[in-house]
Amino acid sequence: MTSHGPIKQTQKIKNEMIKTLLITCGLIALSAGLSFAETEVGKAAPDFSLSDTNGKTHSLAELKGKYVVLEWYQPDCPFVRKHYRSGNMQGLQKEYTAKGVTWLSIDSSAPGEEGNYPAAKLNEIATQDSASRTALLLDPSGEVGRLYGAKTTPDMYVIDPKGILVYKGAIDNKRSTDLADVKTATNYVKNALDASMSGKSVPTTATQPYGCSVKYASK
Amino acid sequence: MHTDRERKSLFRGLPVRISHCAIALFGFAMACAEPVHAQLYNGKELVTPSLVSDVTAIQPGQKFRVGVLYRIEPSWHIYWRYSGDSGLPTKIAWQVPPGFKVGDLQWPLPLREKEPGDLEVFDYTSEVLLFADIEAPAILPAQPIVIQAKTDWLVCQSLCVPGRAELSLTLAGGANTASSSAPIFQKFASLVPRQPAGPIALGFSRVGKNLVVSVAGVPNTEAVDFFPVPPEDAVIGHVTRGQNGLTIPIDTEVKPIDRMDGVLVVGSGDSRKGYEINGTTTLTAMKPVSAGASVGFLGILQMLGFAMIGGLILNVMPCVLPVISLKIFGFVSEAGMDPKKAFRLSMAFSSGIIGCFAVLAAIVVLLQAAGAQIGWGFQFQDPRFILLISCLVFAFSLNLFGVFELSVSAQATKGLASLAGGQGYGGAFFQGVFATVLATPCTAPFLGTASAFAFAQAGWVTFLVFLFIGLGMALPYLLLAINPGWLRYLPKPGEWMLRLKQGMGFLLVGTLLWLVWILGQMKGVDAVVQLGAILLVIAILAWIKGSFWTPVSTGRSRVLSIVAMAFVLLLSGAAYGFVTKPSQLVWRPFSKSTLDEALAAGKPVFIDFTADWCLTCKTNERFAIDTPSVRQEFLKRDVVALKADWTKGDPEITQILKQYGRAGVPMYLIYPSGLKEGQPVLLPELITSQSVLDALNKT
C-alpha cells in the first residue's frame, strides 16, 4: 500500500472476508442441519439411533455392510393390519432376515396418539402376529419419521450395504385395505431387495406410499 | 322381513339399500341398513352411505344422475380421488342393466387439510355426494331397473377405519319427475369443478424438479390453489404458492411430467370455485417464469448488468471510496512518464479484485454442489431456504445500520499486507486482493446476500454474476487509470457515505419484506411469526455483539457477551419449547353433546375455556393444568378433559361464559363425578395445580 492511513483505519475495524464467509457457511450449515432433509433415493440414508421395544439401541451407522429395511408401523392402522393379517409382512420379514437383511419396524406414534403403546404391549402384538422383524424401534417424538419424511403406515425404505437408499414408498401397488389384494399385488420392497441383492438395478425406486397418516404429535 | 322382490315392488323409485332391517310401514320406506362391513366406532356408524337418484322414473334415452350420498360423523373425513399423503380415495363401482351408459364419477371440490407432521390430505367432511351421469338406452329393458353401487371408503379422524357398502336403487320406467334428492344433486353438482372458461388461463413449465403452474385471468385479490391428481407412478410433494404461481415438487416420475391433471381452485371459503384441468384442457403458453435455473438469456444479461452496477456501487462504501484516489495516484507515480504502464498496473490491480470474486464464487458453487450431494436443495420453493436467506438478509441489514461489526484477528490482514507490499504488476495484483478483502466490512452485507441468493442459481450463473460484481468494483480503477484527470469527478469521501451505507440497510429490509411475503404464501401466518421470533433473537444477539464485543472490548466484556448470547439462545429455545410443546393431556373438543355424554357416563369433567390469543389461558394450561400432578389425578379419576376454544368467538361458548357471569376466557369448570344435575365448580381465572386438585378432591 502506498499509504498507511487506510490500512490503519481498516485494521481498526479488523475484518476479513474469509471470516464473513465462514459465518455465512456456518449459518447455512446450521439451519440446514436443523431443518429436516427429506431422504432421496440414490443418496445416503440419514443416520439415526433409536431404542427398540427391548431397550436395545440400533443405529443405522452400525448397520453398514448390511441391507436394511425400514418399515413405518402402527399396529392399529387398517393398512398395516392388511399386511399382517394376510401374513404378507411377516413373510417378507422372515424371508429377508434369513438372507441377512436387518428389518427395522419403526413406530412414530406420538404419546396419546393411536399406536403409541408401551413396549410390553407392542411385544405382545408382535408375538400375536408372529412378526419376524429384527426389531421394533420406538420414535415417539417422530424425529426419525420426519427425518425420513415418512408419511404413512406402512411406508417402506430399503437401504443397501453402502448405506444408500435404493427404494422408498409403498409396499406394493394395490392401494387398499383389502386382504385379498396382497396376492395379486406387485411388491415393490421384494422387487427392490431381490434386484439390489443380485446386483441388478432396482426396477421401481420410489412410489407414493399409501396408508394411514403417521401419527405425529400435533403442534 | 320382506323378500328382495317384494321390497323392490314396494319401494319403486325410492332409494333402498340392500339391507337386513329395511322397515316398511304402509308403503313409506326408511333407508335403514347395515353395510356389508359394519363400521361401528364407539357405537356410532362413521359413514352412512345411501344410493340416490335425481329422478323417480326414467324414459328411454334419458340422461339422469345417480350418486352415493355419504353422511360422515363430525370430525371424521373421507377422501377425494387423490387422497394426498395418506388415506385412500373413495371408490364406487357401478352395475347397471345392459344398454345403460355410466359417465365418469363427478367429484365435488374437496378440502385441502393439514394433519400433524406436515402431512396433507384432500378430503370431505360432514356430507358429500359422489355421482355420475347415466344415459338410458333407447329401448328400456324389462322393469324394474336396478342400479347397484359397490363403494369402498376409508374414513379417518386421527385413526382410520375402512368401510364398504353394496347399495342398490330401483327405478321404474315412465314419466320422470324430480326426486326428493334432486336438491342434493343440485347442491353438489354446483361444487363439481367445471371447464376453465372466460379469462382464466393456465400453463405449466418445468423448473428443475418443480412443475410450475402459472395462472392468468384471476384477480390478484383471489386466492389460487391447485389440487393435483398425479399419475399413479409419480410421487409429488405439496403444492406451494409462490410469487411465480403454484409449484408442484415432483419427487419421482417415471415418464417426464410437463403437465398435470387436477383442479384449479380460485377463491377461498364457501366461494371457492374449481376448474377441471385434464389432458384435454388447452394450456396457454406462459412466459417462462424467472425462477431458479430457468432464467433465460435476456434474464441472465439483465442479472449480469445489475451485478456490475452493484459492484460499481460498492465503490462508494466508506471503506472503499477513500482508497480509489490513493490507488490511482500510486499507479500514476509508479508508472512515471509511461501512462500505458499506469493502465497496466490498474489492470493487474483489477484482476486482483476480480480474482477475489472468482474465489468467492467458487466457494459458493462448491458449497452448493456439496449441499446438493447430501440432498439439500437450495431453491426458492423451499421454505427452509427462504427462512435461512431471511435471517442472513436481516443480520446483514443490522450490520449496515451499524448495530454490529464483523471483526476478527489482524493476523490474516498482516499476511496479506506483506504480500501486497511488493512493487510491479504482482504487487498491484495482490493490492487488488488486499483492497477487496479490506473493503469487506462494507461489502460483506451485499456480497453475503448475493451469495445466499446465488445458491438458488445454476453454478455457471453464480460464477458469472460474481465476476461481474468484481468487474463493476474494478471499473473505476480501469477508467481512472486511463485518465487520472477524471478523479475530480469522483465524489469526496465524507459522512454521506455512512448515511448511504445505512440507507442500504433499508434496502435489505425491503428485500426481507419480500421474502417474508413468499414464506407467508407458502406456510401461512404461523411461519411468518416464527420467522419474526427468530429475527428478534438475531437482533438481540447482534446488539450484544455490537455493544460488548468490539475490537476495543476487554477480555472480560467478551466473555460476558458470550455468556449473554448463550443465555439468550437458551431462553429463546425454552420459550419456543414452551409455546410449541404439545399438551400431554388428552383434550377433546368441547360441545354440549360431548359434555352431556360424559356426564351421563358418570365421569368427572374438566372444561378449559381458552383461546389462542389469551396469554393467561396458555400460562394456566402450561403451569397449572398440564402438570404431572394434575395429569396423574385426571388419569386416576378418569376425568374427561374438554377444551372449549373461543379463539374465533364460538357463540355456544359465549353463551356459557355469560351464564357464569364471565365476559371472556379463561374460565374453568369442574363437574365432579356422578353430577348429572346441579352446579359445576367454577375455578378462578388465575389457577394453580393445587387449586385444580383441591376442586377435584372437594367432590
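Here OH of A:Tyr210 is found 8.5 Å from CG of B:Leu88. Values are rounded to the nearest 0.5 Å. Atom CD in B:Glu120 sits 10.0 Å away from atom NZ in A:Lys151 (nearest 0.5 Å). Rounding to the nearest 0.5 Å gives a distance of 10.0 Å between CG of B:Asp233 and OG1 of A:Thr207. Rounding to the nearest 0.5 Å places CD of A:Gln208 at 7.5 Å from OG of B:Ser83. Atoms NZ and CG, from A:Lys168 and B:Asp251 in turn, are 5.5 Å apart once rounded to the nearest 0.5 Å. The SG atom of A:Cys212 sits 6.5 Å away from atom CG of B:Leu154, with the distance rounded to the nearest 0.5 Å.
Residue B:Lys91 comes nearest to A:Arg175 through the heavy atom pair NZ-O, 3.7 Å, listed as atom of the first residue, atom of the second, then distance. Shortest non-hydrogen contact noted between A:Ala150 and B:Leu119 is O-CD2, 4.5 Å. Contact between B:Pro162 and A:Thr177 at its shortest, heavy atoms only, is CB-OG1, 3.4 Å.
Within the 4.5 angstrom heavy-atom criterion, only side-chain atoms of A:Glu114, from C-beta onward, approach chain B. At a 4.5 Å heavy-atom cutoff, the contact between B:Thr252 and chain A is made by side-chain atoms alone. Of the atoms belonging to B:Cys160, heavy atoms from both backbone and side chain fall under 4.5 Å from chain A. Neither the backbone nor the side chain of B:Lys114 has a heavy atom closer than 4.5 Å to any heavy atom of chain A. The part of A:Asp178 that comes within reach of chain B is its side chain, from C-beta onward, which places non-hydrogen atoms under 4.5 angstrom from that chain. Residue B:Tyr82 touches chain A through its side chain alone, counting heavy-atom pairs closer than 4.5 Å. Residue A:Cys77 does not touch chain B at all, counting heavy-atom pairs closer than 4.5 Å.
In the displayed structure, A:Lys174 atom NZ is contacted under 6.0 Å by more than 12 heavy atoms of other residues, nucleotides or ligands. Other residues, nucleotides and ligands place no more than 12 heavy atoms under 6.0 Å from the CD atom of B:Glu232.
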